Each structure stands twice: as structure tokens, then as C-alpha cells.
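What you are looking at is a predicted structure, and each value in this text was computed from that prediction instead of being measured.
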Amino acid sequence: MVVGVGLGVKRIIKEKDCEGAAAGFDNIKKDDRRMQLHISPSMRSITISSNNGFTDLMKIKVAARHISYRTLFHTILIVAFLLPFVFILTALVTLEGANKCSSFDCFGRRFGPRFLGRVDDSGKLVRDFYKIFNQVITEEIPDGLKLPDSFSQLVAELKNNQYDAKTFAFSLRAMVLSCYIKIVTLNLLYSSLMEKLEREIRESKVSELMNRHFAASSIPKGIHCFSLRLTDEYSSNAYARRQLPSPELLPVLSNNSYHHFVLSTDNILAASVVVTSVVRSSLEPEKVVFHVITDKKTYAGMHSWFALNPVASIIVEVKGIHQFDWLTRENVPVLEAIERHHDFRNYYHGNHIAGANLSNTTPRSFASKLQARSPKYISLLNHLRIYLPELFPDLDKVVFLDDDVVIQRDLSPLWEIDLQGKVNGAIETCKGEDEWVMSKYFKNYFNFSHPLIAKHLDPDECAWAYGMNIFDLRAWRKTNIRETYHFWLKENLKSNLTMWKLGTLPPALIAFKGHVHPIDPSWHMLGLGYQRKTNIENVKRAAVIHYNGQSKPWLEIGFDHLRPFWTKYVNYSNDFVRNCHILES
């Protein structure tokens, strides 16, 4: 692309009433010797040259990347700064215009005067003009100097010998200075406008993130209706209150020849999807036992669902936290303190913007902080997995599942994995195809400016994931994992939550340190709740897909292209699901 030098800046100058220089560009356009701006099709180089194409006054190479409007604007300003030199060269060419020459003749004068038999006498003229310009640049512009209305008028008057060289130099300097001042003013206005726009965009993004946070923390109307109807059914329907499992199957609950899954949740619909997906994917569903643990307010509805909708071949036990004799305040004092501590409750339920330095926070960082402040992190259900050896004293090995997972492959081989004496079989999250999801180290979870954290932890140690974990309870009972977990919770409480701020995983990363056995990443795929660009083929191949993040599949903010992997396990023919219009727009 070839553009006259003036065309790129002319519009800006005209818009700011700098007509003198802008009109001058029109005159340059008509001149055979005008300057030109050559922009390569690939946008990798910019060349300022004379019209005849033989002389390159300036050549700029740029990196092969997208150019922002801000960068383009400042590039134009740099070109504008160079305009005085362009004007000077144009003036010299104009003065030489008295000696008209053909293209070949001009070529000979500039590049090969001796070869073509000509004598180039333009050097003296250039030196004289440089002397004049050096002189006027240090002198004050005369007060009575009348400036022409345009650059073309200046050139025309110069041709008509209405100026001597010094007056011409003063006029040129005054016109350039006037335009430069206006361009600088325009730059300041532009910078102010850009700052305002960036501030408004940031505020809009923060508002969007806050709305997503509230949407993720709320209960959809359909799911709330679903839970209430099932709770009502528990009080009015004796079959909904029947014992789970039936008395003759109670011994199976502690039989280690079965595959025991533990699910801790207060989301009835999500629990049904997890159980159904396990059954459909299992090669031996008759060997599957599910231990569903919920809180007191959800227990009646959860029990009703599995009593009224038995899943073929498998055994389901539903228990409330209040039904475990071991879960007393004496055994979990730290969690009791967390639920009652004012700072904790204010952190998770208070104003999430107050005190936040939004100007120095990226939207992604702010979103992570909001996710960390989900109220679920102070729920006992979310800490329950740390007490598995005590809650299931007769079991040797269990697979613990989060309620936002879907099982797509038979999981029975997990019980055959040799954990090599370790307690926790989990996938590592510091390496993988998705650099956003699989790039988690301890430094992503902990505040290493805290002396206690810096002393005991390595920032570059690889993290691992909750969601689908194999726990060897026999090996666990020989450790002090629970005590370590409690200790660090207390320390974080003492430090006013300055050691970490992201949920329940950080204290577990410390408590299980040295007790984790990495398993193949194909068993557990993360990020479906926040990575919109998740690879669909990888989703199809994964044994367990995990919708960790805010965009849960049962919420309106869930990703539409990832939701079907979850909804295909929802029983839409069920009266409770249908009557509550779950996931209907």
C-alpha cells in the first residue's frame, strides 16, 4: 500500500483546525517529487520515500503482531514529529524545480552525476539552507510575521519570490510549531479519553464478574422447587421415608469387596447425575455402593429422591451430617470456629469490592478472588473429606467424588492402582495440554510473603486436584493428616486469612504433603466450569469430567457447548424434574 505522507496525518490535523499544514499536503500530493509512505501488505515494514521510488528516506520494520489503536496513534505522532524534515526536503526539491528535469536526468543528478556527465550543484544549496535553518531555530519568531493560510500558499509565494530564504524558514518553523502544538493537545485529549474508556470498561467487567459470582452462589428457581417438592414428599409419603438401603443390604456398606464411592453434597439434582453416570459407565454396577452425605436441611429431599427413584443394580446410602455420631463439636472445633468467626463470615458473605484495589487487578485475578469467596468454603460439607477414616472406620479404600463431575468410563480399575503406600491418588495440575487449567503450583494458592508459608513450602511444588480422588483409608489412619489440616486452618485464622484465600484445597495441599500418588491425567479432566475453550475431543475421552469453576452445568451461566455432557444424565421424564421446569429457558 502506498500513501502520500500527508494522507495519514491530514485528517487528524484538519479535525483540529490545523488547515495550514493539512492543505499543504494536498500540494505535495500534486508534486511529482512528493514524499510517500509505503506500508507493506503484511504490515511488517513502513517506508517513507520520494515519489520516484529511488530514494528511501526512512524504513521502519515492525514485529509480526497485531497493532493496537493506541500504537497506531503514537506511530502517527512520530511521523508528525518528522514532518519538519519532510517539509525541508520538499522545500529544497521545490526550489530546485526551476531546473525541470526528466526522470533519467534527475536520476543522474542524484545518484550518478559523474557517470551521466552532469555536475550536481545542489549540495551548496542544501548547505546554505541548513545554515539558515540553524540560525532561525535559535531566534524568536518575529511578532509581525504573517503566516500563509496553507502550505500550498507558502510554496506558491516562495515560487513567486515573495520570500527571502530566512523569512521562508521562519514561516515554515511557525507553521510546524503550530501544528505540533495542536497534535500534542490532541494526544493529551486522546490519552484522557482512553483512560476514561479503560476505566469504564474495567468497571463494566467488574460488574459482570460480580453478577456471575452472585449467579454462581445462588440456587436456580427450578432446583429450589425440586428440593422443596422432594422435602414435602418425605413428610407425606411413607415410601419416600423407607430405609436406605434395605435392612438385608446393610452389611454391604462395610464390605471391602465392593467399590465404595463417597459423595458429599446438598445439591440433589447434581447428586442424581453423579450416581446415574457412574452406573451407566460401570461394567459391574452390582458391585457399586454409594455413600451420599448431605446436610440436615437437604437430608429429607435427598432421601426422598433416592427412595422414590432407585438406581438399578447399585446400593445407595443417604446420611445427614447430623446422623454421624463422630461429627461433634469436640472433634471438629476448628470448623466450628470458622463458621462462627466474624472475619470469616464477613469475608465470605460481606462486600466483595470494599477494600479491593481494582485498578491493579486483572479481570481474571478478580474472578479467582471472587470464586475463593464462595460461601460453600465455610460449609462443613466441603471439609468433610478430611474425616473419611473416622466416618467410615470399616472401609479400606474409597473414591471420593465432587458433585460437579460426570463419569464417562468404568472406574473399577481405580481400585487396582497401587498407591505405593500413599494416601491420596490424584492428578497433578502443573502440566497438561491446557496451559490455563493445568498450570497450578503451590505459588498459585499460597501467600509466600507470609513467613510461615515461606518457611515450610516450596512455591514451585506441583499442586494436585480434588474432584476425583482415591483414598487408601488404611494408610491414612497411620498418619496425622487430620491434625495437620486443623493446625494450618488455625494458623490461617490467626493471620486473618493472609496465608491463603482459595477454598479448602490449600490446607489439604499442606496436610497431604508427602502422601499423594499421581495418577494418569486421563482419569480426571478439569476446567469445564471456567475454561470456555475446552477441547471437546479431550472431554469425550476423559474418564471423569469436572465442572470446577463458576459455570456449573445446572446454572444459566454454564457453557452451552459443555452442558450436554451433564444434562444427558438428567431424568427429564421424572415428575419432579418436569414440574419444576429444570434447565428450561
Side-chain angles (χ1 to χ4, degrees), residues 251-264 278 284 287-293 317 319 324-327 331-332 334-335 380-402 405 407 410-430 440 442 445 456-458 461-489 503-524 526 543-544 546:
V252 176
L253 298 179
S254 57
N255 189 334
N256 284 296
S257 64
Y258 285 76
H259 298 150
H260 294 266
F261 293 87
V262 179
L263 174 64
S264 173
V278 167
E284 297 178 296
K287 293 188 66 176
V288 172
V289 178
F290 252 98
H291 305 268
V292 181
I293 306 174
E317 174 193 30
K319 294 192 74 172
F324 285 95
D325 296 334
W326 186 87
L327 285 175
N331 288 330
V332 288
V334 177
L335 299 183
L380 180 57
L381 280 175
N382 213 46
H383 294 267
L384 204 61
R385 70 196 91 197
I386 205 69
Y387 306 114
L388 290 178
E390 289 76 23
L391 301 181
F392 301 99
D394 298 321
L395 296 182
D396 296 336
K397 183 178 285 189
V398 299
V399 169
F400 192 96
L401 299 172
D402 281 0
V405 304
I407 287 74
D410 178 45
L411 298 185
S412 58
L414 292 176
W415 273 263
E416 307 304 321
I417 293 178
D418 182 8
L419 298 182
Q420 301 178 6
K422 305 295 185 181
V423 172
N424 180 5
I427 65 161
E428 293 183 317
T429 55
C430 61
K440 305 297 190 300
F442 275 32
Y445 297 97
H456 291 89
L457 303 180
D458 177 6
E461 184 169 345
C462 188
W464 49 269
Y466 268 152
M468 195 281 292
N469 303 84
I470 318 156
F471 289 119
D472 186 336
L473 302 185
R474 289 178 300 177
W476 192 337
R477 295 185 184 101
K478 300 175 184 177
T479 69
N480 62 345
I481 289 174
R482 175 166 58 91
E483 291 75 13
T484 303
Y485 189 87
H486 282 177
F487 170 81
W488 285 96
L489 282 179
T504 55
L505 182 58
L509 291 175
I510 304 176
F512 283 100
K513 188 172 169 56
H515 300 290
V516 179
H517 176 75
I519 63 175
D520 192 288
S522 65
W523 282 110
H524 185 188
L526 298 161
V544 176
H546 192 176

Next on the checklist: To the closest 0.5 Å, what do you measure between NZ (Lys422) and NE2 (His515)?
Outcome noted: 8.0 Å
Checklist entry - Do Asp472 and Leu419 touch side chain to side chain, with heavy atoms closer than 4.5 Å? => result yes
Checklist entry - When rounded to the nearest 0.5 angstrom, what distance separates SG in Cys430 from CD in Glu461? => result 9.5 Å
Next on the checklist: Quick check: do Ile293 and Leu263 have side-chain heavy atoms less than 4.5 Å from each other?
Outcome noted: no
Item to check | Nearest-0.5 Å distance, CZ of residue Arg385 to OG1 of residue Thr504 | outcome: 5.0 Å
Checklist entry - Which value, rounded to the nearest 0.5 Å, describes the distance between Leu414 atom CG and His259 atom NE2? => result 9.0 Å
Item to check | Contact summary for Thr429 and Cys462, nearest pair of heavy atoms | outcome: N-SG, 4.1 Å
Checklist entry - Does Leu381 offer a backbone N or O that forms a donor-acceptor pair with the side chain of Ser264 under 3.5 Å? => result yes
Item to check | Pairwise side-chain contact, His546 with Asp402, heavy-atom cut-off 4.5 Å (strictly under) | outcome: yes
Checklist entry - Would you say the ring centroid of Trp415 lies under 6.0 angstrom from that of Phe261? => result yes
Item to check | Chi angles and distances behind the side chain to side chain contact (heavy atoms under 4.5 Å, CB included) call for Tyr258, Glu284 | outcome: CA-CA 10 Å; Tyr258 285 76; Glu284 297 178 296; over 6 Å; no
Checklist outcome for this item: In short, His291 meets Leu253 closest at the heavy-atom pair CE1-O, 3.5 Å
Checklist entry - Can you find a heavy atom in the side chain of Phe400 that is under 4.5 Å from one in the side chain of Leu384? => result no
Checklist entry - For the atom pair CZ (Phe442) and NE2 (His456), what is the distance rounded to the nearest 0.5 Å? => result 13.0 Å
Checklist entry - Is there a side-chain contact between Ile386 and Ile481 (heavy atoms, below 4.5 Å)? => result yes
Next on the checklist: Run the side chain to side chain contact (heavy atoms under 4.5 Å, CB included) test on Val262 and Phe392 for me, step by step, so that the C-alpha distance in whole Å, both residues' side-chain angles and the decisive distance to 0.1 Å come before the verdict.
Outcome noted: CA-CA 10 Å; Val262 179; Phe392 301 99; 3.9 Å; yes
Item to check | Distance, nearest 0.5 Å, that separates CG of Leu391 from CH2 of Trp326 | outcome: 6.5 Å
Checklist entry - For the residue pair Ala511 and Thr484, what are the closest heavy atoms and their distance? => result CA-CG2, 3.8 Å
Checklist entry - Considering only heavy atoms from C-beta outward, does the side chain of Ile519 approach that of His524 to under 4.5 Å? => result no
Checklist entry - At their closest point, which heavy atom of His260 faces which heavy atom of Val252, and how far apart are they? => result CE1-O, 3.3 Å
Next on the checklist: Test your reading of the model: is there a side-chain donor-acceptor pair from Arg477 to the backbone of Pro393, 3.5 Å cut-off?
Outcome noted: yes
Item to check | Distance-minimising heavy-atom pair for Tyr445 and Pro506 | outcome: CB-CG, 4.2 Å
Checklist entry - Which is it for Val398 and Leu473 under the side chain to side chain contact (heavy atoms under 4.5 Å, CB included) test, yes or no, and what are the steps along the way? => result CA-CA 7 Å; Val398 299; Leu473 302 185; 4.0 Å; yes
Checklist outcome for this item: Applying side chain to side chain contact (heavy atoms under 4.5 Å, CB included) to Lys319 and not counting sequence neighbours gives Glu317, Gln323, Phe324
Checklist entry - Are any of the side-chain heavy atoms of Asn255 and Leu395 separated by less than 4.5 Å? => result no
Listing, residues 464-471 side-chain donor-acceptor contacts under 3.5 Å, not counting sequence neighbours, or none:
unit_1 : atom_1 : unit_2 : atom_2 : d
Asn469 : OD1    : Gly467 : N      : 3.3
Asn469 : ND2    : Asn424 : OD1    : 3.3
Asn469 : ND2    : Ala465 : O      : 3.0

Checklist entry - Yes or no on salt bridge (Lys or Arg N to Asp or Glu O under 4.0 Å) for Glu390 and Arg482, after CA distance, side-chain angles and deciding distance? => result CA-CA 10 Å; Glu390 289 76 23; Arg482 175 166 58 91; 3.4 Å; yes
Checklist entry - For the ring pair Tyr387 and Trp476, is the centre-to-centre distance below 6.0 Å? => result no
Checklist entry - Is the closest side-chain heavy-atom distance between Trp523 and Val544 below 4.5 Å? => result no
Checklist entry - Counting only N and O atoms by type, is there a donor-acceptor contact under 3.5 Å from the side chain of Asp394 to the main-chain atoms of Asn256? => result no
Checklist entry - More than 12 foreign heavy atoms under 6.0 Å from CG of Asn480: is that the case here? => result yes
